[in-house]
Amino acid sequence: MTDGADSYVSGISDAPLLGETIGRALDKAVARWGNREALVSPSHDVRWTWKEFAERVDALASGFLALGLQRGERIGIWSLNRPEWTLTQFAAARAGLILVTINPAYRLSELEFALGKVGCAAIVTATAFKTSDYMGMLNTLVPELASAEPGCLRAAKLPQLRAVIQIGGPLCPGTIPFDDVSRMGGARHREQIKALGETLQFDDAVNIQFTSGTTGSPKGVTLTHHNILNNGYFTGRAMRLTEQDRICTPVPLYHCFGMVMSNLACVTIGSAMVYPGEGFDPLATLKTIEQEKCTTLYGVPTMFIAELDHPDFAKFDLSSLRTGIMAGAPCPIEVMKRVNIEMNMREVTIAYGMTETSPVRDRKSTRLNSSHIT
């Protein structure tokens with residue numbers, strides 16, 4: 001299959017569908033906006049330009065190859081919103097791996113089901129967050145990890161899992177520190193990444209998302225570069241995003257809302273990814289909007305309500321906000337009016353879809369017109 005954008009034309013837009021992989025989209029972002037901020041996470045003291053971000057992505061992708069991961073294998077990511085999550089997302093795409101996004105709220109039985117269903121060769125995992133002991137659950141599921149040589153795990157329950165890459169500490173036996181992976185790749189692996197960039201196709205699988213499982217066990221939905229890159233791009237276009245925009249993303253990255261409508265919208269349009277914290281906190285979100293001069297805010301209705309009703313809401317300058325997305329549940333009209341007026345978000349997009357559609361299949365923009373929403 002060819003990789004030219006002229007091979008695919010959208011019948012409902014004046015712009016053709018993107019005909020490129022996520023890795024090539026990142027190359028274009030560096031060429032266009034290399035010195036502009038790409039990823040900002042104040043709580044992790046991270047502020048990377050597109051050039052710096054891409055360099056870290058390439059180092060991590062090379063490390064994945066050095067670990068023996070092969071094109072088409074699955075790599076899980078089990079963490080809340082951290083810079084390492086996004087590095088893994090883009091590095092997996094660079095290396096031709098399929099990223100399996102695992103809900104950080106999962107408990108042991110759900111984790112076992114997800115990893116067993118897709119056959120992950122590696123997993124990148126946080127150590128713990130609040131009451132979730134991720135490494136404790138992994139050690140219960142694969143007790144062989146404690147005595148395994150890092151990168152050479154042989155587990156009875158998960159026979160395809162070879163490597164556990166740990167974010168943060170203290171370091172557990174059998175795991176590989178996340179930062180060490182980026183130092184593993186050599187010149188040969190860098191060349192392999194470059195060669196993969198020439199051979200990967202935009203119709204290749206790049207992500208497995210699990211559905212909610214409301215009618216049974218969650219189903220793994222396989223999505224391609226073409227699916228999710230275009231979904232992020234056209235959602236961003238509908239919001240009139242540009243490289244001047246800064247998207248505050250308190251929604252979880254493991255879900256399409258975060259990783260597609262934020263991260264992939266940004267890489268195709270040049271907006272900055274701004275993470276107010278690992279988990280949702282209304283006060284941290286308000287502080288981040290003010291400090292980082294965010295122009296765009298994402299959330300489900302309950303997030304917006306928590307922000308609006310926070311006791312310190314009136315103390316924050318939200319004048320930088322212009323637009324955003326409210327999705328994930330029905331959007332009450334009164335909440336939307338308050339967001340328009342009190343949060344200065346004169347334009348808000350309501351997105352509707354499902355995991356299988358990458359996820360947005362329809363969107364409606366609301367704009368404040370006098371005292372009414374149109």
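Below, all heavy atoms of this structure are taken into account, side chains as well, without hydrogens, waters or symmetry copies.
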So, are E37 and R47 salt-bridged, with charged N and O less than 4.0 Å apart? yes

Any salt bridge between E292 and K287, counting N to O under 4.0 Å? no

Are E84 and H44 close enough, and set up right, to give a side chain to side chain donor-acceptor pair (under 3.5 Å), and what steps lead you there? CA-CA 10 Å; E84 293 93 340; H44 299 101; 5.4 Å; no

Kindly check if the number of other-residue, nucleotide or ligand heavy atoms within 6.0 Å of CZ (R154) is above 12? no

Check whether any side-chain N or O of Q160 sits under 3.5 Å from a backbone N or O of A121 as a donor-acceptor pair, and report yes or no. no

Residue pair L87 / F53, side-chain heavy-atom distance below 4.5 Å: yes

Report, as yes or no, whether the 6.0 Å neighbourhood of atom CG on D312 holds more than 12 heavy atoms from other residues, nucleotides or ligands. yes

Is there a side-chain contact between K130 and E278 in this structure, where contact means two heavy atoms from C-beta onward sitting under 4.5 Å apart? no

Please name the pair of heavy atoms, one in G277 and one in S43, separated by the smallest distance, quoted to 0.1 Å. CA-OG, 4.1 Å

Minimum heavy-atom separation for V206 to A93, with atom names? CG2-CB, 3.8 Å

Verify the ring-centre separation between F257 and Y298: is it less than 6.0 angstrom? yes

Answer yes if the side chains of Q166 and T127 hold a donor-acceptor pair under 3.5 Å, and no otherwise. yes

Is the side chain of R94 donor-acceptor paired with the backbone N or O of G23 at a distance under 3.5 Å, no angle test? yes

Can you tell me if T224 uses its side chain to pair, donor with acceptor, with the backbone of A205 under 3.5 Å? no

Hey, quick one: are L69 and L153 part of the same hydrophobic cluster, counting side-chain heavy atoms closer than 4.5 Å, chains of contacts allowed? no

Non-hydrogen atoms of P83 and S41 that approach each other most closely: CG-CB, 3.8 Å

Could you go through the side chain to side chain contact (heavy atoms under 4.5 Å, CB included) check for V267 and L229 one step at a time? CA-CA 9 Å; V267 77; L229 196 64; 4.1 Å; yes

Test item: side-chain donor near acceptor, H226 and E20, under 3.5 Å: no

Identify all side-chain donor-acceptor contacts of residues 101-108 below 3.5 Å with residues at least two apart in sequence or on another chain.
| from | atom 1 | to | atom 2 | distance (Å) |
| --- | --- | --- | --- | --- |
| T101 | OG1 | I208 | O | 3.4 |
| T101 | OG1 | Q209 | NE2 | 3.3 |
| T101 | OG1 | Y254 | O | 3.3 |
| N103 | OD1 | A105 | N | 2.8 |
| N103 | ND2 | Y254 | OH | 3.1 |
| R107 | NH1 | S132 | OG | 2.9 |

Determine whether L297 and I305 fall in the same hydrophobic cluster, where Ile, Leu, Val, Met, Phe, Trp and Tyr are linked whenever their side-chain heavy atoms lie under 4.5 Å apart. yes

A side-chain contact here means heavy atoms from C-beta on lying under 4.5 Å apart; do L264 and N231 qualify? no

For the residue pair D245 / T295, report whether a side-chain donor-acceptor contact shorter than 3.5 Å exists. yes

Would a 4.5 Å heavy-atom cut-off, applied to side chains only, mark R188 and Q192 as touching? yes

Would you check if the side chain of T242 reaches a backbone N or O of Q244 as a donor-acceptor pair within less than 3.5 Å? yes

Spacing of S320 atom OG and N344 atom CG [to the nearest 0.5 Å]: 8.0 Å

Would E347 and R240 pass as an ion pair if we require N to O under 4.0 Å? yes

Check ion pair E52-R56 (N to O, under 4.0 angstrom): no

Check whether V221 and F210 end up in the same hydrophobic cluster, where Ile, Leu, Val, Met, Phe, Trp and Tyr are linked by side-chain heavy atoms less than 4.5 Å apart. no

Single-linkage hydrophobic cluster L26~V46, side-chain heavy atoms < 4.5 angstrom: yes

Pair D180 + R183, salt bridge at N-O below 4.0 Å: yes

Can you tell me how far SG of C266 sits from CZ of R246, rounded to the nearest 0.5 angstrom? 10.0 Å

Do the non-hydrogen side-chain atoms of L161 and I123 ever get within less than 4.5 Å of each other? yes

Examine distances only and state if a side-chain atom of N139 and a backbone atom of M135 form a donor-acceptor pair shorter than 3.5 Å. yes

Less than 4.0 Å between a side-chain N and a carboxylate O, is that true for E243 and R32? no

When you compare the side chains of Y275 and T86, does any donor N or O come within less than 3.5 Å of an acceptor on the partner? yes

Can a salt bridge be assigned to the pair R338 and D309 using a cut-off of 4.0 Å between side-chain N and carboxylate O? yes

Locate the shortest heavy-atom distance separating G324 from T296; write the atom from each residue and the value. CA-CG2, 3.8 Å

Report the C-alpha distance between I75 and I98 in whole Å, list the side-chain angles of each, state the deciding distance to 0.1 Å, and finish with yes or no for side chain to side chain contact (heavy atoms under 4.5 Å, CB included). CA-CA 6 Å; I75 180 169; I98 300 173; over 6 Å; no

Within-4.5 Å side-chain heavy-atom neighbours: I325 and M239: yes

Could you tell me how the ring of W50 sits relative to the ring of W33: parallel (under 30°), tilted (30 to 60°) or perpendicular (over 60°)? tilted

Could you tell me if the ring centre of H225 sits under 6.0 Å from that of F202? no

Are V118 and I77 connected into the same hydrophobic cluster when the rule is that any two of I, L, V, M, F, W, Y join if their side-chain heavy atoms are below 4.5 Å apart? no

Between K157 and E112, does a side chain to side chain contact (heavy atoms under 4.5 Å, CB included) hold up when you go through it step by step? CA-CA 8 Å; K157 286 186 177 179; E112 181 177 2; 3.7 Å; yes

Please check this pair: side chain of T235 against backbone of G232, looking for a donor-acceptor N/O pair closer than 3.5 Å. no

Is the side chain of H255 donor-acceptor paired with the backbone N or O of P252 at a distance under 3.5 Å, no angle test? no

Would you say S262's side chain and M259's backbone share a donor-acceptor pair under 3.5 angstrom? no

Test your reading of the model: is there a side-chain donor-acceptor pair from N207 to the backbone of L223, 3.5 Å cut-off? no

Which residue is it: N81, D281, T285? I am looking for the one with a side chain to side chain contact (heavy atoms under 4.5 Å, CB included) to P250. T285

V181 versus I176: any side-chain heavy-atom pair under 4.5 Å? yes

Could you grab the distance from atom CG of L115 to atom SG of C120, nearest 0.5 Å is fine? 5.0 Å

Smallest separation among heavy atoms of P282 and A306, with atom names: CB-O, 3.8 Å

Which pair of heavy atoms, one from P332 and one from P301, lies closest together, and at what distance? CD-CB, 4.1 Å

To the closest 0.5 Å, what do you measure between OG1 (T323) and CD1 (I247)? 9.0 Å

Side chains of V348 and M343: closer than 4.5 Å at any heavy-atom pair? no

Please round to the nearest 0.5 Å and tell me the distance separating atom CG of L286 and atom CG of D317. 11.5 Å

Output the distance between atom CG (D204) and atom CD (Q201), rounded to the nearest 0.5 Å. 6.0 Å

Could you walk me through whether V124 and W85 satisfy the side chain to side chain contact (heavy atoms under 4.5 Å, CB included) test, starting with their C-alpha distance in whole Å, then the side-chain angles of each, then the deciding distance to 0.1 Å, before giving a yes or no? CA-CA 8 Å; V124 176; W85 203 107; over 6 Å; no

